[in-house]
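Inspection log for the structure reproduced underneath, given as structure tokens.
Values below: every heavy atom of this structure, side chains too, minus hydrogens, waters and symmetry copies. The model shown is predicted, which means the values in this text are computed figures rather than measured ones.
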Amino acid sequence: QVQLVESGGGLVQAGGPLRLSCAASGRTFSSYAMGWFRQAPGKEREFVAGISRSGGRTFYADSVKGRFTISRDNAKNTMYLQMNSLESEDTAVYYCAADLWGSGSVSLSAYESWGQGTQVTVSS
């Protein structure tokens, strides 16, 4: 099973950028489709962005499309989420997730492995 560790969260002003990283270890990273999810206080965990095993296909929630960019570096066993034009509604704990041999999914249940999360707080 793969182990996932998120980093890069913090406090940022509205309109600013932030980049999250997800470092993977334990199994061949390129075997996993990957995703970013987030959970705001009092709300359910929701899909943010996903990427295929090769990185050739990416997909996004409507709420972040055009502002966030997901990418991965299989040589470094790392996935990224570049977040621009942040809004207060983006405040949440962000989680990375891995789906072994998956093709990429927006569904939480498709992902077997999860990181512990990193807090992103956007101040207005």
Side-chain angles (χ1 to χ4, degrees):
Q1 192 172 7
V2 67
Q3 288 78 47
L4 304 173
V5 178
E6 303 95 337
S7 62
L11 176 64
V12 62
Q13 286 191 331
L18 202 62
R19 189 175 84 153
L20 305 183
S21 298
C22 173
S25 62
R27 288 199 63 161
T28 304
F29 183 58
S30 59
S31 300
Y32 292 87
M34 299 293 295
W36 286 101
F37 292 78
R38 67 186 182 187
Q39 189 166 16
K43 295 188 177 181
E44 294 187 349
R45 194 171 298 189
E46 64 176 5
F47 169 78
V48 175
I51 190 166
S52 63
R53 284 177 277 140
S54 68
R57 186 174 77 95
T58 60
F59 46 103
Y60 300 89
D62 287 343
S63 59
V64 307
K65 202 172 293 183
R67 299 188 298 122
F68 291 10
T69 302
I70 188 172
S71 62
R72 66 189 296 164
D73 186 338
N74 285 346
K76 294 183 178 180
N77 294 342
T78 304
M79 176 180 66
Y80 306 96
L81 186 67
Q82 177 66 46
M83 304 185 292
N84 296 329
S85 303
L86 281 161
E87 304 168 353
S88 57
E89 292 77 14
D90 296 316
T91 294
V93 177
Y94 284 71
Y95 299 88
C96 65
D99 176 14
L100 183 61
W101 300 119
S103 58
S105 174
V106 304
S107 174
L108 275 74
S109 60
Y111 295 85
E112 307 96 8
S113 302
W114 292 82
Q116 293 300 306
T118 185
Q119 175 71 46
V120 172
T121 303
V122 183
S123 63
S124 55

Among the clusters formed by ILVMFWY side chains lying less than 4.5 Å apart, do [X] and [Y] turn up in the same one?
X    : Y    : result
L100 : L4   : yes
Y94  : V12  : yes
V64  : V106 : no
V120 : F47  : no
Y60  : M83  : yes

Main chain of [Y], side chain of [X]: is a donor-acceptor contact present, judged purely on distance under 3.5 Å?
X    : Y    : value
Q3   : Q1   : yes
Y95  : Q39  : no
Q116 : V5   : no
E6   : G117 : yes
N84  : T69  : no

Closest non-hydrogen atoms of G9 and L20, given as atom of the first, atom of the second and distance, are N-CD2, 3.6 Å

What's the shortest heavy-atom distance between K65 and D62, and which atoms?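 Closest approach of K65 to D62, heavy atoms only: NZ-OD1, 3.2 Å.
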
Give, for atom [atom1] of [X] and atom [atom2] of [Y], the distance between the pair rounded to the nearest 0.5 Å.
X    : Y    : atom1 : atom2 : value
T118 : L18  : OG1   : CG    : 8.0 Å
L86  : S124 : CG    : OG    : 12.5 Å
E112 : D99  : CD    : CG    : 5.0 Å

Is any side-chain heavy atom of [X] closer than 4.5 Å to a side-chain heavy atom of [Y]?
X    : Y   : result
Q119 : T91 : yes
Y80  : I51 : no
R38  : E46 : yes

Can I70 and M79 be said to form a side chain to side chain contact (heavy atoms under 4.5 Å, CB included), step by step? CA-CA 7 Å; I70 188 172; M79 176 180 66; 3.9 Å; yes

Between F68 and W36, is the ring centre distance below 6.0 Å? no

Who pairs with R72 by salt bridge (charged side-chain N to carboxylate O under 4.0 Å, His left out), at least two apart in sequence or on another chain? none

Side-chain donor-acceptor pairs of residues 22-35 under 3.5 Å, sequence neighbours excluded:
| unit_1 | atom_1 | unit_2 | atom_2 | d |
| --- | --- | --- | --- | --- |
| S31 | OG | T28 | O | 3.4 |

Do S105 and S107 meet the criterion of a side-chain donor-acceptor pair at a distance under 3.5 Å? no

